[in-house]
Trainee: 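Take this structure first; my questions come after.
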Amino acid sequence: MRFYVYILYSASLDIYYKGFSTDVETRLEYHLNSKHKFTSQTTDWVIVYVQQFAEKEAALKEEKRLKKLNRKSIEN
């Protein structure tokens with residue numbers, strides 16, 4: 001099984017959302033269909049970054065690191 005860390009961007013909210021999944025496309029649909037409290041505010045989320053991992057622990061570690069980054073670091 002493969003694991004993914006992803007970043008979504010909403011132009012209308014001008015914010016980034018960082019997450020973890022085993023299926024990024026299905027997870028995006030989940031966000032777009034208002035099934036997550038934070039991302040249900042809008043439906044213009046797009047995937048701007050995806051990184052694949054072979055181990056779940058490594059993906060979760062990277063997700064945690066990404067969530068600590070400020071906006072400028074994410075955009076770089």
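Just so we're clear, the structure is a prediction, and the values are computed from it rather than from any experiment. Each residue takes its place number in the sequence, starting with 1.
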Trainee: Go through the steps to decide whether Asn70 and Ser73 satisfy the test side chain to side chain donor-acceptor pair (under 3.5 Å), and finish with yes or no.
Mentor: CA-CA 5 Å; Asn70 62 28; Ser73 297; 2.9 Å; yes
Trainee: For the residue pair Thr42 and Ser10, what are the closest heavy atoms and their distance?
Mentor: CG2-OG, 3.2 Å
Trainee: With hydrophobic residues grouped by side-chain heavy-atom distances under 4.5 Å, do Val5 and Ile7 end up in a single group?
Mentor: yes
Trainee: Which pair of non-hydrogen atoms, one from Ala11 and one from Asp44, has the smallest distance, and what is that distance?
Mentor: N-OD2, 3.2 Å
Trainee: How about Glu63 and Leu60: do any of their side-chain heavy atoms sit closer than 4.5 Å?
Mentor: yes
Trainee: Quick one: CZ on Phe53 to NZ on Lys61, what's the gap to the nearest 0.5 Å?
Mentor: 10.5 Å
Trainee: Is Lys72 salt-bridged to Glu75, cutoff N-O under 4.0 Å?
Mentor: no
Trainee: Side chains of Arg71 and Asp14: closer than 4.5 Å at any heavy-atom pair?
Mentor: yes
Trainee: Return yes if some donor-acceptor pair links the side-chain N/O of Trp45 with the main-chain N/O of His31 below 3.5 Å, else return no.
Mentor: no
Trainee: When clusters are formed by joining ILVMFWY residues with side-chain heavy atoms under 4.5 Å apart, either directly or through shared neighbours, do Leu8 and Ile15 land in the same one?
Mentor: yes
Trainee: As an exercise, state the distance from CZ of Arg2 to CD of Gln52, rounded to the nearest 0.5 Å.
Mentor: 4.5 Å
Trainee: So, applying side-chain contact (heavy atoms from CB on, under 4.5 Å) with Ile74, which one of Val48, Leu69, Leu66 is it?
Mentor: Leu69
Trainee: Establish whether Val46 and Tyr16 are linked, either directly or via other cluster members, by ILVMFWY side-chain heavy-atom contacts under 4.5 Å.
Mentor: yes
Trainee: If you define the side chain from C-beta out and look only at heavy atoms, does anything of Ile47 sit under 4.5 Å from Glu25?
Mentor: yes
Trainee: Return the CG to OG1 distance between Leu32 and Thr39, rounded to the nearest 0.5 Å.
Mentor: 8.0 Å
Trainee: Shortest non-hydrogen contact from Glu55 to Phe3?
Mentor: C-CD1, 3.7 Å
Trainee: Below 30° counts as parallel, above 60° as perpendicular, anything between as tilted: where do the rings of Phe38 and Tyr17 land?
Mentor: parallel
